Amino acid sequence: MLNFDFWSIFWAVLNILILFVLLRIFLFKPINKIMDDRTQSIQKDIDEAAKAKEDAEALKQQYTDSIGEAKEEAGRILREAHDAAENERAAILSRSHEEAEKIVSAAGESIENERKRVIQQAHSQIADLAIEAASKVVSANLDDEKNRKLVDEFLAAEEADSK
């Protein structure tokens, strides 16, 4: 049946051991080296990806901060522009009120001067009419200067009494 020959088994084991040593030297070592290189390459890629992710997060944070600062700056500029516009509006209103007051004051002075002129003119015309009427009544021509002075004094007295 089965025949076991010691030398056949010995040579078979010896061949397997030699094959194992040769495979270990020429196959397993290069494969292990390739596997180690591949592992290192993958680890390097993972580390680079992690670093790139960290850099991207830092840039994202920086951009977010920049955008926030830009929004704050825009808000500040808008507030300053609004304040400046409000100040300018107030200044324009103030100037227009002052100009309106000056115009009203000048108009008041002009009206007062015109009123005085009209009153003076009316006094003069009234005096002329009174002198002419008195001349006709008396039928004699009196001194015009004395008569005018008398009428002016009378009208001044009447004006003082009416006030």
Side-chain angles (χ1 to χ4, degrees), residues 1-128 152-163:
M1 294 217 192
L2 282 178
N3 220 353
F4 289 107
D5 183 23
F6 172 75
W7 290 109
S8 294
I9 294 175
F10 173 74
W11 288 115
V13 169
L14 184 63
N15 283 334
I16 290 175
L17 286 175
I18 291 173
L19 180 62
F20 177 74
V21 170
L22 289 176
L23 285 176
R24 185 173 171 112
I25 292 172
F26 293 111
L27 182 66
F28 296 146
K29 279 188 180 181
I31 288 178
N32 283 338
K33 185 176 184 298
I34 291 171
M35 297 277 284
D36 288 342
D37 290 345
R38 182 69 180 147
T39 302
Q40 288 175 356
S41 173
I42 291 171
Q43 187 61 43
K44 179 182 170 190
D45 290 344
I46 290 172
D47 292 343
E48 287 176 359
K51 185 176 184 295
K53 182 180 178 182
E54 289 174 5
D55 291 345
E57 287 293 326
L59 282 174
K60 179 183 174 186
Q61 185 62 39
Q62 184 180 8
Y63 290 138
T64 303
D65 293 343
S66 295
I67 289 171
E69 290 173 5
K71 285 181 180 178
E72 288 176 11
E73 182 70 16
R76 183 186 62 78
I77 289 171
L78 284 174
R79 284 189 301 275
E80 287 176 0
H82 183 268
D83 292 345
E86 188 63 30
N87 290 340
E88 185 65 24
R89 183 187 70 83
I92 290 170
L93 281 175
S94 175
R95 284 194 302 266
S96 65
H97 284 299
E98 289 173 4
E99 288 176 15
E101 288 175 4
K102 286 179 184 177
I103 291 170
V104 168
S105 176
E109 288 176 9
S110 176
I111 290 170
E112 182 62 27
N113 290 337
E114 185 65 21
R115 186 184 69 80
K116 286 179 182 178
R117 188 188 64 78
V118 167
I119 289 173
Q120 184 66 31
Q121 190 177 19
H123 282 182
S124 177
Q125 288 176 354
I126 290 171
D128 289 343
D152 284 341
E153 287 175 1
F154 173 75
L155 288 176
E158 285 300 314
E159 186 179 320
D161 288 342
S162 67
K163 287 186 182 179

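Sequence positions, counted from 1, serve as the residue numbers for this chain. For clarity, every value in this text was computed on a predicted model and none was experimentally measured.
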Decide whether Gln43 and Asp47 meet the rule of one side-chain donor and one side-chain acceptor closer than 3.5 Å. yes

One should read off an interatomic distance between Phe26 CZ and Ile31 CD1, to the nearest 0.5 angstrom, of 13.5 Å

Taking only Lys NZ, Arg NE, NH1 and NH2, and the carboxylate oxygens of Asp or Glu, determine whether Lys51 and Glu48 approach each other closer than 4.0 Å. no

Can Glu98 and Arg95 be counted as an ion pair, charged N to O under 4.0 angstrom? no

Is there side-chain contact between Leu22 and Ile18, with heavy atoms separated by less than 4.5 Å? yes

I need the Thr39 OG1 to Ile46 CD1 distance, nearest 0.5 Å. 10.0 Å

Is a side-chain donor or acceptor of Ser41 paired with a backbone partner of Asp37 at a separation under 3.5 angstrom? no

Spatial distance of atom NZ (Lys29) from atom CG (Asp36) [nearest 0.5 Å]: 12.5 Å

Should Lys53 and Glu57 count as an ion pair when the cut-off is N to O under 4.0 Å? no

How close do Pro30 and Leu27 get, heavy atom to heavy atom, and via which atoms? CD-O, 3.3 Å

Does this structure show an ion pair linking Glu99 with Lys102, if we count only N-O contacts that are shorter than 4.0 Å? no

Ile25 CD1 to Phe20 CZ distance, which is reported to the nearest 0.5 Å: 10.5 Å

Taking atom types as modelled, is there a side-chain donor on Asn113 or Glu109 under 3.5 Å from an acceptor on the other? no

Test: Asp83 and Arg79 ion pair at under 4.0 Å: no

Inspect the contact between Glu112 and Arg115 and indicate whether a charged nitrogen and a carboxylate oxygen are less than 4.0 angstrom apart. yes

Rounded distance [0.5 Å steps], CD in Glu73 versus OG in Ser66: 12.5 Å

Heavy atoms of other groups near Arg38 CZ, more than 12 under 6.0 Å: no

Is it the case that the side chain of Thr64 and the backbone of Lys60 share a donor-acceptor pair, with hydrogens and angles ignored and the cut-off at 3.5 Å? yes

Angle between ring planes, Phe10 versus Trp7, binned at 30° and 60°: parallel, tilted or perpendicular? perpendicular

CG of Asp65 to CD of Gln62, rounded to nearest 0.5 Å, is 8.0 Å

Could you check whether any side-chain N or O of Ser96 sits under 3.5 Å from a backbone N or O of Ile92, counting only pairs where one atom can act as donor and the other as acceptor? yes

